[in-house]
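First comes the structure, then the notes that go with it.
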Amino acid sequence: MNANIILAPILIHLITAVISLFLWGRVLPQKILSLIGSLLVLISSVLIFFLNQKWGSIIVFAGNWKPPYGITFVTDTLSTIMLLLTAIVGLAVSIYSHVAISTSRIKFGYYPIYHFLLMGLSGAFLTGDIFNMYVWFEVVIISSFVLLTLGGKRMQMEGAVKYMAINMLASIIFLTGIGILYGLTGSLNIADIGTKVRTIENQGLVQVTSLLFFFGFGIKSAVFPLYFWLPSSYHTPPSAIAAIFGGLLTKMGIYSLLRVFTVIFYPDNFMLNFFCAIAIMTMITGALGAMNKKSLRRMFSYLIVCHIGYLIAGIGLYTELAISGVIFYLIHDIIIKSNLFMMTGIIYKIRASTDMRRLGGLYKDYPKLSFVMAIILFSLIGIPPLSGFWAKIPFITESIHEGRFVLLAVILFSSFVTLIIISKLWSEVFWKDLPKPNPTEIDKFAPLKLYEKISLVFPVLLLASITLYIGLNAGAIIKVTDKVAYELLHPDIYIESVLGKN
């Protein structure tokens with residue numbers, strides 16, 4: 001087996017992006033190239049996942065420089081899951097973009113930037129070097145900023161400025177933490193740092209450094225109190241761009257928290273209490289922020305914030321079952337949040353609005369499509385046996401077991417608020433009669449050609465089917481998430497797989 005195969009997703013996205021630049025202004029070739037590239041990435045990601053399950057961690061030393069001196073790429077179960085989810089969502093959004101993204105945006109470089117963004121995400125999930133992780137983060141930030149501003153509308157520019165400003169702050173904090181870690185350990189290799197941090201006498205300085213990493217990754221994950229950039233920016237771009245943002249960008253921060261706070265840092269009681277407190281405030285502010293929103297995209301943006309709180313809570317509980325729940329919820333949430341924004345794009349095509357006050361009658365006019373959307377929304381709530389139900393059980397169980405009853409109450413509260421919000425959404429958008437339409441609001445979905453309708457509906461149906469699979473085969477998913485949790489809470493497995501190759 002050639003270990004270099006783990007670099008395939010990065011290289012395929014890079015090659016696809018570069019070729020797309022040479023096809024600047026040519027719409028159809030870029031669409032076809034993007035589809036082929038995304039499909040190849042999915043195939044390679046599936047292969048990497050199964051190879052990792054069969055053979056264990058796969059390591060690549062760039063330039064054959066052994067750790068701690070060179071850049072290392074590592075696969076473990078967590079990174080291969082994230083790589084696979086990125087590939088699935090990437091393919092779905094690529095198909096969806098064929099119709100959802102306007103010709104003018106494609107001519108101005110949508111597809112090259114899109115694949116640079118996916119390349120950055122893939123690199124961040126595979127790197128075994130903390131500075132290299134920072135580099136991939138910057139690739140993602142620059143690409144996402146360009147995608148946010150593509151089109152040049154005032155609302156987009158305002159959202160992009162807020163997005164860029166707060167994410168640059170996060171990057172500065174992240175880079176500062178890296179500098180301190182390098183000063184303490186003399187290394188940038190994550191596994192090597194993990195061994196050396198344990199021997200540092202001044203553990204107080206180590207804990208302070210861990211706070212820098214928490215704030216750096218926490219801002220990127222949109223945790224309280226620096227979450228406001230997300231609902232201020234995610235509703236501004238086209239639905240295809242919002243889908244990749246809502247599904248994957250905040251989860252990159254959660255992935256980094258999991259990696260850093262297992263291999264490098266070992267949170268003490270203060271840190272765990274701090275995690276839980278931030279989780280509580282994040283869930284409350286996200287839930288309350290979503291309650292009074294009339295725009296579907298603004299509502300879903302606040303729900304992203306609310307549900308990030310579940311993931312932070314799971315890390316704060318820091319038990320094997322809770323971490324398993326975090327991984328399960330990550331899998332569920334990436335698929336669901338990406339699908340929600342693609343769903344709103346279809347609703348906008350049909351009703352020319354995402355304001356619930358101007359929507360209605362969708363079930364009457366499109367019953368089959370409404371049924372697919374019901375699967376997405378009910379899974380978001382956590383109706384058994386859909387994926388959202390199984391994802392929350394570990395958090396509830398461990399909150400009781402660890403005696404964190406305030407955290408338990410807030411998890412239940414935010415779940416109840418999500419139920420109320422989605423029930424209201426279903427009533428307003430699907431059940432009630434359509435208000436008297438504005439003459440300028442024309443159904444742009446019905447006149448579409450068959451292949452255009454397929455391009456919009458198939459990705460939503462694909463991700464909804466994956467959501468159903470996750471819920472109805474929860475036992476198989478839990479076996480994988482339990483394995484991830486065990487590996488994370490036994491960081492010597494990761495460390496030995498990297499340094500043991502020396």
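Looking only at distances, a side-chain donor or acceptor of S210 sits under 3.5 Å from a matching main-chain atom of Q207. Judged by distance alone, the side chain of S324 and the main-chain N or O of E320 form no donor-acceptor pair under 3.5 Å. With hydrogens and angles ignored, the 3.5 Å screen pairs a side-chain donor or acceptor of T262 with a backbone N or O of L258. In this structure, the side chain of K251 engages the main chain of G246 through a donor-acceptor pair within 3.5 Å. Here the side chain of R404 pairs no donor or acceptor atom with the backbone of E398 at under 3.5 angstrom. The backbone N or O of I411 sits less than 3.5 Å from a side-chain atom of S414, completing a donor-acceptor pair. Between the S38 side chain and the L35 main chain, no donor and acceptor come within less than 3.5 Å of each other.
A centroid separation of 6.0 Å or more is found between the aromatic rings of F328 and H332. Separation of the F137 and F217 ring centroids falls under the 6.0 Å cut-off. For an aromatic pair to be called close, the ring centres must be under 6.0 Å apart, and F275 with F261 satisfies this.
Between G247 and S338, the shortest heavy-atom distance links the atoms CA-OG, 3.2 Å. Looking at every heavy atom in both residues, L148 comes nearest to S233 through CD2-O, 3.8 Å.
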Show, in sequence, the C-alpha distance, side-chain angles and deciding distance for I308 and Y227, and conclude whether the side chain to side chain contact (heavy atoms under 4.5 Å, CB included) test is met. CA-CA 10 Å; I308 286 293; Y227 65 89; over 6 Å; no

With ring-ring contact (aromatic ring centres under 6.0 Å, His included) as the test, would you mind laying out the steps for F214 and F274 before giving the verdict? CA-CA 10 Å; F214 173 80; F274 182 71; 5.2 Å; yes

Show the numbers, then the answer: is there a side chain to side chain contact (heavy atoms under 4.5 Å, CB included) between F245 and L117? CA-CA 10 Å; F245 283 17; L117 174 67; 4.0 Å; yes

Between M133 and M252, does the side chain to side chain contact (heavy atoms under 4.5 Å, CB included) criterion hold? Intermediate values first, please. CA-CA 10 Å; M133 181 182 286; M252 182 172 65; over 6 Å; no

Assess whether side chain to side chain contact (heavy atoms under 4.5 Å, CB included) is satisfied between I304 and F341, documenting all intermediate values. CA-CA 11 Å; I304 290 174; F341 283 99; 3.6 Å; yes

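Between the side chains of Y111 and S97, no donor-acceptor pair is found at a separation under 3.5 Å. In this model, a donor atom of one side chain and an acceptor atom of the other lie less than 3.5 Å apart for S144 and Y163. Looking only at atom types and distance, the side chain of H307 has a donor-acceptor partner in the side chain of T418 under 3.5 Å away. A side-chain donor from one of T72 and N189 sits under 3.5 Å from a side-chain acceptor of the other. Judged purely by distance below 3.5 Å, without hydrogens or angles, the side chains of R259 and Y494 never pair a donor atom with an acceptor atom. Counting only N and O atoms by type, the side chains of Y114 and S34 include no donor and acceptor under 3.5 Å apart.
Counting heavy atoms from C-beta on, the side chains of F49 and L83 never come closer than 4.5 Å. Within the 4.5 Å cutoff, the side chain of S171 has heavy atoms near those of the K220 side chain. Residues V326 and F395 have side chains in contact (heavy-atom distance under 4.5 Å, counting atoms from C-beta outward). With a 4.5 Å cut-off on side-chain heavy atoms, L303 and F300 count as touching. Taking the side chain as every heavy atom from C-beta outward, S399 and L317 approach each other to under 4.5 Å. Residues Y234 and T250 are in side-chain contact: their nearest non-hydrogen atoms beyond the backbone lie under 4.5 Å apart.
Within 6.0 Å of CZ in R298 there are 12 or fewer heavy atoms belonging to other residues, nucleotides or ligands. The number of heavy-atom neighbours closer than 6.0 Å to CZ of F108, taken from other residues, nucleotides and ligands shown, is 12 or below. By the neighbour-count criterion of 12 heavy atoms within 6.0 Å, atom CG of N269 is sparsely surrounded, having that number or fewer from other residues, nucleotides or ligands.
Considering CG of L7 and CD1 of I12, their distance stands at 10.5 Å, rounded to 0.5 Å.
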Kindly list each side-chain donor-acceptor pair under 3.5 angstrom involving residues 465-480, sequence neighbours excluded, with atom names and distances?
unit_1 : atom_1 : unit_2 : atom_2 : d
S465   : OG     : L461   : O      : 2.8
T467   : OG1    : L463   : O      : 3.0
N473   : ND2    : Y469   : O      : 3.2

